[in-house]
There are 2 protein chains.
Amino acid sequence: MSGKTNAVSVLDRRATRRAASRAEIVEAAWLLVREQGLAGLSMRDLGDRVGMRAQSVYSYFDSKDDIYDAMFRQGYEEQLAWMADDEGAAGGSEDPATRLRVMAHRFFAFCTSDPVRYQLLFQRTIPGFEPSSASYAVALAALEQMHAGFARAGITDPDAADLATAVLTGLTSQQIANDPGGMRWERLVDRAGTMLLREVAPHLLAKTRKPTTRVRRTP
Amino acid sequence: MSGKTNAVSVLDRRATRRAASRAEIVEAAWLLVREQGLAGLSMRDLGDRVGMRAQSVYSYFDSKDDIYDAMFRQGYEEQLAWMADDEGAAGGSEDPATRLRVMAHRFFAFCTSDPVRYQLLFQRTIPGFEPSSASYAVALAALEQMHAGFARAGITDPDAADLATAVLTGLTSQQIANDPGGMRWERLVDRAGTMLLREVAPHLLAKTRKPTTRVRRTP
DNA sequence: GTCTATAATCTGATAGAC
DNA sequence: GTCTATCAGATTATAGAC
């Protein structure tokens, strides 16, 4: 019996080591794309960064797109975690309008805090790459999370989330492309949030009159 | 005297031919990036397309980025022309709200009608590329044109244009990335236009109540 | 202004020894 | 699982003949 148990544990250990190596490679990939641009990732540089020959990376990932896929998935897992913080921070105790405004600020902060990640998650920019269905499921979960946030505020308009993501990713991409590191569009997030609320849930605005919401940029 | 005149005319002709070749190369470059993605442009393919060796292209452009720069400039010249049509189409006779709504629709149509152009003009996606100051000046002229459109409608809010471009490029990029060729976000353009008007110029909305505006997609 | 030739380097990916 | 060796090709760009 102990033989079987040991065998399993060895396999476990191997799987753990393998997962750790994969994670290390993905982490190195993020560092590289932040330096050289999303499309500038090369297997050789990646190997160098993790102290391997480039060819050895193929023991962990089938192809370069497989690495992009892991990054894509991780990015949306980060979004899920980042936005979940809101539910704790802005809690159920506060009024819906404030909660939604905090959501807007945090989503903007998430996007601008890592422009390359934003590019991978929200823009179709790498010619051949398409996420696997497993990774795409995480993306859908993140969208679902946003829908749930609206639903909790009593917003049933099915277009509300589409309109909100468009406005917020628009502010983000303008900020990243035309004023990187600046505040030109970040300044407008609160105003855009009010504008959105007035459009999709005017009744929520009636009570709270212009409570300027500030949120810390890093979690 | 005829000698001098002839000399000038020969130089003229040379300059004309050169400009024509440059234009032909840029046109071929657009075709290629639409097929292979913006970053997928290569001098070899480009040479093949125009019936030259790749090396000969360097007689017309100093570098690959120099070609991107010409495309960038041309893209904004196209925007200037495209948006200028509005002034004729929706004319000075119509009311300001309708004019602005038409502007919104046409800007959206301009962006979605060529996703690769949108990527080059509005997203920072090519690692090394930065537009020359001459080309950037055209980009500023296009922004100035939009400001002028707002001013003509009596909108003096300096943030109005920033908010509007963010909302409209947001709708565009979501449409391109998540529902290419579809209508999911295009449907929302009119609603977003009303939302924007209510935010930056509510007085313009008071008179005209929901005049659904439709605009042809190709000019 | 177009060509040949070529530099000098990078690319993703595979085969097979250990 | 990591290595060496290598494929088979791409890349931008320059030099110099014509």
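Just so it is clear: chains get the letters A, B, ... in the order the sequence lines come, proteins before strands, and each one is counted from 1.
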Spacing between [X] atom [atom1] and [N] atom [atom2], to the nearest angstrom:
X: A:Gln36; N: C:dT11; atom1: CD; atom2: P; value: 8 Å
X: A:Ile67; N: C:dT11; atom1: CD1; atom2: P; value: 13 Å
X: B:Leu46; N: D:dT11; atom1: CG; atom2: C1'; value: 14 Å
X: A:Asp62; N: D:dG1; atom1: CG; atom2: P; value: 13 Å
X: A:Met43; N: C:dT11; atom1: CE; atom2: C1'; value: 11 Å
X: A:Asp48; N: C:dG12; atom1: CG; atom2: C1'; value: 15 Å
X: B:Met52; N: C:dT4; atom1: CE; atom2: P; value: 13 Å

When all nucleic acid strands are considered with a 4.0 Å heavy-atom cut-off, which category describes [X]: base, sugar-phosphate, or nothing?
X: A:Leu41; value: sugar-phosphate
X: B:Ser42; value: sugar-phosphate
X: A:Ser63; value: sugar-phosphate

Indicate, with yes or no, if the rings of A:Phe122 and A:Phe107 have centres closer together than 6.0 Å. yes

Any heavy-atom pair between the side chains of B:Met195 and A:Leu163 that's under 4.5 Å?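 Yes; the side chains approach each other to less than 4.5 Å.
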
Return the nearest nucleotide to the side chain of [X]; candidates are [options].
X: B:Ser59; options: D:dT2, C:dG1, C:dG12; result: C:dG1
X: B:Tyr60; options: C:dT2, D:dA13, D:dC3; result: C:dT2
X: B:Asp45; options: D:dG1, D:dT11, C:dT2; result: D:dT11
X: A:Gln55; options: D:dT12, D:dT14, D:dA5; result: D:dA5
X: B:Tyr58; options: C:dT14, D:dA13, C:dT2; result: D:dA13

Honestly, is A:Arg117 close enough over A:Phe110, meaning NZ or CZ under 6.0 Å from the six-membered ring centre and within 45° of the axis?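 Checked: cation-pi criterion met.
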
Parallel under 30°, tilted from 30 to 60°, perpendicular over 60°: which one fits the rings of A:Tyr68 and A:Phe129?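 A:Tyr68 and A:Phe129: tilted rings.
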
Between B:Arg44 and B:Arg17, name the one whose nearest nucleotide on DNA chain C is closer to the 5' end. B:Arg17

